[in-house]
Amino acid sequence: MASGRTSSGDIVRFDNVGLRYGAGTETLSDISFTLTRGGFYFLAGPSGAGKTSLLKLLYLALRPTRGVVTMFGEDLVTLPRNRLPGFRRRIGVVFQDFRLIPHLSAFDNVALPLRIAGVAERDLAAPVGEMLEWVGLGERMHARPVTLSGGEQQRVAIARAVVARPELLVADEPTGNVDPEMAVRLLQLFEGLNRMGTSVVVATHDLHLMNRVPGAQMMRLAKGRLADPTGALRYPPASRYTAAP
Amino acid sequence: MTGHSNLIPPVAPLLGTRRLSGGMPWVIAIMTALAMLAMAAALVLTPAATALSGQIAGRATIQIVQPDALVRRADVAELRRLLAEEPYVVAVRSLPEEETARLAERWLGEGLSQSDLPLPALIDVDVVRSDDATMARLGAAVRSGVPEARVIPHAEWLGPVARMMSAIGWIAAAIAAMLISCAAVVAVLAVRAALSAQRPMIDILHLVGATDVQVARLFQRLVARDVMAGAILGAVAAVCLSLLVVWQTRGLVAGLAEGAGGLASVVWILLVPPLVIAVAMLASRIAVIRALGELP
């Protein structure tokens, strides 16, 4: 992770990005970093450091008040609003509180991004079923979220986030509402997805979890600034599966 | 994955099965019913006023107040002869004394004789134009033959009635238009409340790549369902109420309806519910798209 020129392997680049809510002080200041394609990143920092705000910029729920954000090779600051949905379809998002649609079945929740993208009904069963099998919920595809445990709901949320094969997966405290065993299982799902080429950014407080992903890089936020934008690079993503830690 | 789609298939109701707003169909129903009744009033009164104006234009009644029946009859004959020579006079018709007596019976009772109370002789005259100059010429001609005769242009006493009917008709049309507009406002308020209540759902839809048009269509389905229910209910109520009024006042309504447009008027009245639906949906769509456009 480093600032510099955008290369073909970069998926996201922030240059001196600042974010301010209303007329208050800046929540994020002078954020500069680059995410490479296929990288696995943890975003760490104390509560109130600005992790969720940074993730919102990443999954395009907010736009910065200053600086430049380049994603998939395009400047998102000046991008017309009507082009944002196309970019959002290339990003998967997982939340701590799952944000499933309560009156839809697990199948319909997972199928939502595909339906929005215009996939025909007859073509939904295979990818959605495959995704639910992948997260271990093939038998519960007709269950509504309220009948699922916290871990099961989070797995449905992960399936929804990745069913459209996003290039970037952003997860905000995805293990915050599940037990440690389930947290490890969820992390394994993220790793599996990362192995298929998806860049993954996970915001978490859990140092134990970070240590379970060899080669992952860490961005540490403190008071709205990246505390160590280059020092946290432990292993370059390309060497994750070739070099011993 | 295929390309962009504007419509999320309605496999499951994404915004839930609840109605947009519990009271909205009822408010729409009341407004639709009132708009239809106002439209009906406009469509009956305005043509009736026009027809009345046409009837009274160029018509006058000559009144001869003469207690002596023989002199009165001679005056009538003299005026008929005189008016027949006037080029601008189209028709002259003197009211028979029996008919005048029958008219007076309504006010004075039966058994009235000419010796008890001499009734005036009445002559209806149609002239080619109803302008002041023609009426003045008619008055001069009448006075030259029978100085005590009085010319009463029909427009003088029926004109205000026709104008009032016309004004009421236009006011009714304006009320119908305002009620239809109010239905749109109600739909916009309801959809704004729904947008606020469904904000978490909208965020999810946006995050998974939904366009504003796709989200707006979800809300439009809700609006359409409630507005259509209200409009149909209101239309049924208005038709029932109209039939009841027609039945209760059939003589008066039949007279007024003669000047109305018949089937065309019925079609206009029946167009009110679809108009309410269309206007409400258009307004709510604009409101949703605008509100979504304000989101990041």
Using heavy-atom distances under 4.5 Å, tell me whether [X] contacts chain B through its side chain, its backbone, both, or neither.
X      : answer
A:R160 : side chain
A:F95  : side chain
A:R99  : both

Nearest 0.5 Å, what's the [atom1]-[atom2] distance between [X] and [Y]?
X      : Y      : atom1 : atom2 : answer
A:R115 : B:Q214 : CZ    : CD    : 12.5 Å
B:I204 : A:N109 : CD1   : CG    : 8.0 Å
A:L112 : B:L205 : CG    : CG    : 6.0 Å

Heavy atoms from other residues, nucleotides or ligands near [atom1] of [X] exceed 12 (cutoff 6.0 Å):
X      : atom1 : result
B:R290 : CZ    : no
A:R63  : CZ    : yes
A:W134 : CH2   : yes

- Query: What closest approach, in Å, do B:H206 and A:R88 show between heavy atoms, and which atom pair accounts for it?
  - Reply: O-CD, 2.9 Å
- Task: Scan B:V208, B:V213, B:T211 and name whichever one has a side chain to side chain contact (heavy atoms under 4.5 Å, CB included) with A:P85.
- Result: B:T211
- B:L207 versus chain A, heavy atoms under 4.5 Å apart: side chain, backbone, both or neither? both
